[in-house]
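Atom set for the values below is all heavy atoms of this structure, side chains included, hydrogens, waters and symmetry mates excluded. Every number for a ligand or one of its atoms is a count from 1 in the order of the listing. Computed from a predicted model, the values in this text were never measured in an experiment.
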Amino acid sequence: MEIDAAVRASSDGRLRTKYDNAVYVVQRAFALYPLEEIAFSFNGGKDSTVLLHLIRAGYYLHKTSYGEEAHIDTFQNCPLRTIYFETPCAFPEINSFTYETVSTYGLPLETIGLDFKSGLEGLLKKKPTKAIFIGTRIGDPNAVGQEQFSPSSPGWPPFMRVNPILDWSYRDVWSFLLTCKVKYCSLYDEGYTSIGSVYDTVPNALLCDSSNGKSFRPAYMLSDGRLERAGRAKKTSSKTETNSVASNGISSTEGEQIISRSASVIVVGDEILFGTVEDKFGTALCKKLREIGWRVSHVAVVRNETDSVAEEIERCKSTDDAVFLVGGLGPLHSDISLAGVAKAFGVRLAPDEEFEEHLSQLIGNSYIGNRNEMALLPEGITELLHHKRLPLPLIKCKNVIILAATNVDELDMEWNCLLDTHESGLVRAKPFVSKHLSTSLPDVKIAPVVEKLCLEFSDVYIGTHRISRTGPLVVNLLGKDNQRVEGAAEKLASSFDGQFSQVDSCK
Ligand SMILES: Cc1cc2nc3c(=O)[nH]c(=O)nc-3n(C[C@H](O)[C@H](O)[C@H](O)COP(=O)(O)O)c2cc1C
Ligand SMILES: Nc1ncnc2c1ncn2[C@@H]1O[C@H](COP(=O)(O)OP(=O)(O)OP(=O)(O)O)[C@@H](O)[C@H]1O
Ligand SMILES: [Mg+2]
């Protein structure tokens with residue numbers, strides 16, 4: 001088949017890997033669902049054009065692997081139900097390309113004049129439909145949390161979303177279309193890089209030809225795939241506005257005396273929850289934060305799941321000055337932390353070419369898998385924190401700092417780099433002073449006095465702990481004002497003449 005031959009003949013190894021994986025997904029879908037219960041969602045866009053040819057290749061391979069004789073003419077046509085949601089605000093070029101293409105490849109087309117959800121409800125009522133091929137890619141706003149086979153969302157009619165090109169980058173899409181020399185919508189040659197409606201889409205300004213202000217270079221010339229949607233009007237939401245306010249929390253005005261800062265710590269690790277490994281990061285970060293005068297409001301250990309990470313970040317990001325996220329970073333299936341951050345801020349994951357460059361310098365050719373996926377970072381909210389001692393910059397998304405440490409020594413090193421980097425926002429706040437008083441009195445006896453003390457010294461944290469049920473009770477007093485802490489300690493000691501002694505640490 002011509003597509004298969006073109007990709008095989010290409011010297012682009014990455015494209016061949018992406019192609020093989022995507023065609024495999026297509027073949028699995030054909031093996032899992034009856035052909036008449038599968039649909040292809042086609043809109044004439046570049047991603048769905050790539051998908052069309054992958055489906056044709058997968059269909060061909062599926063048929064031949066089931067013993068049917070391969071005959072080019074038979075498989076030029078792929079009799080897959082094709083659905084197009086047509087709206088009056090679609091570009092005429094998109095409409096004409098869609099109609100021409102389905103006719104060229106003999107695809108039976110159903111146009112739907114409703115919104116996606118109602119249209120799909122109608123489609124499923126009319127004909128059983130178990131799976132729908134969609135050209136969603138990981139950088140798309142709606143791709144967060146999706147996999148190659150993802151059931152439709154709750155509240156949507158039930159079907160399987162099949163996303164064969166989920167892991168393709170903007171560059172992969174163009175390598176494929178150009179390598180296979182297939183037709184694509186003419187708008188892409190006029191500087192459009194992602195196409196929505198006539199009301200929200202213009203050519204991408206980054207492709208503007210400076211020698212001739214009015215013309216644009218073709219979409220495949222866009223070197224930074226992160227900016228694919230620069231020609232699409234941004235959907236504004238109140239959520240984004242709230243987030244940008246939260247992002248200010250971490251920095252401080254110059255000259256301001258910083259009394260108080262708070263942080264939360266999120267550790268990602270199924271292994272910790274299973275009791276296989278012990279979390280040392282939470283404790284270490286609490287100590288480090290206290291040492292720079294920060295209060296920790298919350299430490300959580302969550303599962304290696306995008307939603308668990310996202311929910312936890314959502315909880316903390318607007319109430320704390322900084323959120324530290326540890327674990328779940330890398331190329332493995334369980335490395336979902338960045339997807340969780342993206343979801344919490346309502347943005348997409350997009351290829352970050354600067355980070356990709358750092359990765360390739362660090363890993364070189366020793367990693368020949370999908371290295372690019374490690375360079376997908378939450379779009380528009382990511383800052384890379386550089387330090388000469390760091391092998392890779394650390395990632396900061398608004399007020400969430402993602403630590404890459406795998407043990408406490410690495411954490412020490414990363415922490416010191418953060419303290420040494422202005423952009424981390426990790427400013428030193430007024431230090432805590434503490435006093436620890438130990439007694440062998442029973443807790444029932446001291447309880448009423450401690451309760452009163454808490455009311456009188458509300459700016460001092462007064463807590464208690466014991467090492468054993470029958471051992472001494474330690475009262476910990478922690479605050480920012482030395483006199484107040486001393487005052488509270490003296491008052492407690494004098495209430496129980498000679499029955500309290502000072503100890504050095506809170507042990
Ligand atoms: C065939 C098909 C299935 C979809 N299924 C879902 C779904 O299960 N859940 C969902 O939230 N959106 C679903 N959508 C909507 C898309 O996530 C997204 O909103 C749509 O592709 C518009 O993208 P845009 O906002 O980038 O133009 C579906 C869209 C299509 C075409
Ligand atoms: N109007 C539509 N009709 C049918 N399918 C659609 C429609 N809009 C989106 N889709 C499906 O959703 C996928 C993702 O849409 P998206 O707009 O991100 O990609 P595209 O249109 O293929 O390319 P581009 O990003 O350049 O616009 C499409 O590939 C297609 O499978
Ligand atoms: Mg589109």
Side-chain angles (χ1 to χ4, degrees), residues 22 38-55 80-91 93-95 97-99 101-102 107 109-124 129-147 149-166 168-170 173-174 176-177 184-201 203-204 218-220 222 225 227-235 237 343 346-348 350:
I38 311 178
F40 165 37
S41 196
F42 181 61
N43 67 338
K46 63 179 186 311
D47 304 326
S48 62
T49 304
V50 168
L51 183 56
L52 160 70
H53 295 288
L54 295 171
I55 291 174
L80 185 63
R81 287 165 54 203
T82 300
I83 52 173
Y84 174 41
F85 296 83
E86 190 170 355
T87 65
C89 49
F91 281 90
E93 292 88 342
I94 277 283
N95 277 338
F97 178 74
T98 304
Y99 285 106
T101 308
V102 293
L107 296 163
L109 180 69
E110 282 174 56
T111 49
I112 302 174
L114 298 167
D115 63 273
F116 293 131
K117 204 170 177 187
S118 322
L120 289 165
E121 268 158 14
L123 183 86
L124 262 73
T129 307
K130 292 218 167 71
I132 306 182
F133 284 116
I134 309 176
T136 298
R137 288 191 290 112
I138 202 84
D140 294 342
N142 53 62
V144 177
Q146 285 210 60
E147 297 185 25
F149 286 83
S150 274
S152 51
S153 314
W156 283 67
F159 57 89
M160 184 62 79
R161 287 178 284 180
V162 185
N163 305 308
I165 59 165
L166 191 64
W168 286 44
S169 68
Y170 183 80
V173 164
W174 282 110
F176 179 85
L177 294 172
Y184 52 82
C185 176
S186 60
L187 290 175
Y188 293 110
D189 279 339
E190 293 167 27
Y192 290 81
T193 49
S194 173
I195 301 173
S197 80
V198 288
Y199 300 114
D200 70 6
T201 314
N204 193 322
Y220 58 78
L222 183 74
L227 303 165
E228 168 184 356
R229 286 185 170 243
R232 300 276 292 265
K234 291 211 167 48
K235 288 179 190 162
S237 72
K343 190 161 187 180
V347 300
R348 64 179 197 155

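- Heavy atoms of Lys117 come nearer than 4.0 angstrom to ligand 1 in no pair at all.
- Taking a cut-off of under 4.0 Å to the non-hydrogen atoms of Gly45, the atoms of ligand 2 that pass are 20 (P), 21 (O), 22 (O), 23 (O).
- Atoms of ligand 1 found under 4.0 Å from any heavy atom of Ile134 (numbered from 1 in listed order, with element): 1 (C), 2 (C), 3 (C).
- For the atom pair CG of Leu227 and OG1 of Thr193, the computed distance is 8.5 Å after rounding to the nearest 0.5 Å.
- Thr129 places no side-chain N or O within 3.5 Å of a backbone atom of Leu124 that could act as its donor or acceptor partner.
- The backbone N or O of Gly135 lies less than 3.5 Å from no partner atom in the side chain of Ser48, so there is not a single donor-acceptor pair.
- Set against the non-hydrogen atoms of Arg232, the atoms of ligand 1 under 4.0 Å away are 26 (O), 27 (O).
- Listed for the Asp140 side chain is no donor-acceptor partner under 3.5 Å among the backbone atoms of Ala143.
- Under 4.0 angstrom from ligand 1, there are no non-hydrogen atoms of Asp140.
- Under the 4.0 angstrom criterion for non-hydrogen atoms, Phe40 is not in contact with ligand 2.
- No side-chain heavy atom of Glu121 sits under 4.5 Å from any side-chain heavy atom of Leu114.
- Neither the backbone nor the side chain of Gln146 has any atom closer than 4.0 Å to an atom of ligand 1 (non-hydrogen atoms only).
- Note: Leu51 CG to Phe133 CZ = 7.0 Å, rounded to the nearest 0.5 Å.
- The option from Ile112, Asn142, Leu120 that lies nearest to atom 18 (C) of ligand 1, judged by heavy atoms, is Asn142.
- With a 4.5 Å cut-off on side-chain heavy atoms, Thr136 and Leu166 count as touching.
- Residue contacts with ligand 2, taken as heavy atom pairs separated by less than 4.0 Å, involve Phe116 solely via side-chain atoms from C-beta onward.
- Note: Trp174 and Tyr184 have perpendicular aromatic rings, judged against thresholds of 30 and 60 degrees for the angle between ring planes.
- Considering backbone and side-chain atoms together, Gly135 places an N or O closer than 3.5 Å to an N or O of ligand 2.
- Heavy-atom contacts of Ser152 reach the following atoms of ligand 1: 8 (O) (cutoff under 4.0 Å).
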Exercise for the section: Kindly determine whether Trp156 and Phe116 satisfy ring pair (Phe, Tyr, Trp, His ring centres under 6.0 Å), including the steps that lead there. Expected result: CA-CA 10 Å; Trp156 283 67; Phe116 293 131; 7.3 Å; no
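- For atom 18 (O) of ligand 2, the choice among Ile195, Asp140, Ile132 with the nearest heavy atom turns out to be Asp140.
- Between Lys46 and Tyr188, the shortest heavy-atom distance links the atoms N-OH, 2.7 Å.
- Distances shorter than 4.0 angstrom occur between a heavy atom of Glu228 and an atom of ligand 2.
- Counting heavy atoms only, Trp156 comes closest to atom 13 (C) of ligand 1 of the residues Phe159, Phe116, Trp156.
- Heavy-atom minimum distance, Ser152 versus Pro157: OG-O, 2.6 Å.
- Between Phe85 and ligand 2, at least one N/O pair is under 3.5 Å apart.
- The number of heavy-atom neighbours closer than 6.0 Å to CD of Glu147, taken from other residues, nucleotides and ligands shown, is 12 or below.
- Nearest to atom 7 (C) of ligand 2 by heavy atom, out of Ile83, Asn43, Ile134, Ile112, is Asn43.
- The closest approach between any non-hydrogen atom of Arg229 and ligand 1 is below 4.0 Å.
- The shortest distance between side-chain heavy atoms of Leu120 and Ile83 falls below 4.5 Å.
- Note on ligand 2: Thr49 sits outside its first shell, no heavy atom being nearer than 4.0 Å.
- Checked against a 3.5 angstrom limit, the closest N/O atoms of Ser41 and ligand 1 fall outside it.
- Looking at Tyr188 next to ligand 2, an N or O pair under 3.5 Å apart turns up.
- Proximity of Arg229 to ligand 2 is established by a heavy-atom distance of less than 4.0 Å.
- Classification of the Phe97-Phe42 ring pair by plane angle, with boundaries at 30° and 60°, yields tilted.
- Close contacts of ligand 2 with Thr193, meaning ligand atoms under 4.0 Å from a residue heavy atom, involve 26 (O).
- Where the criterion is an N or O separation shorter than 3.5 Å, residue side chain and backbone included, Arg232 fails it with respect to ligand 2.
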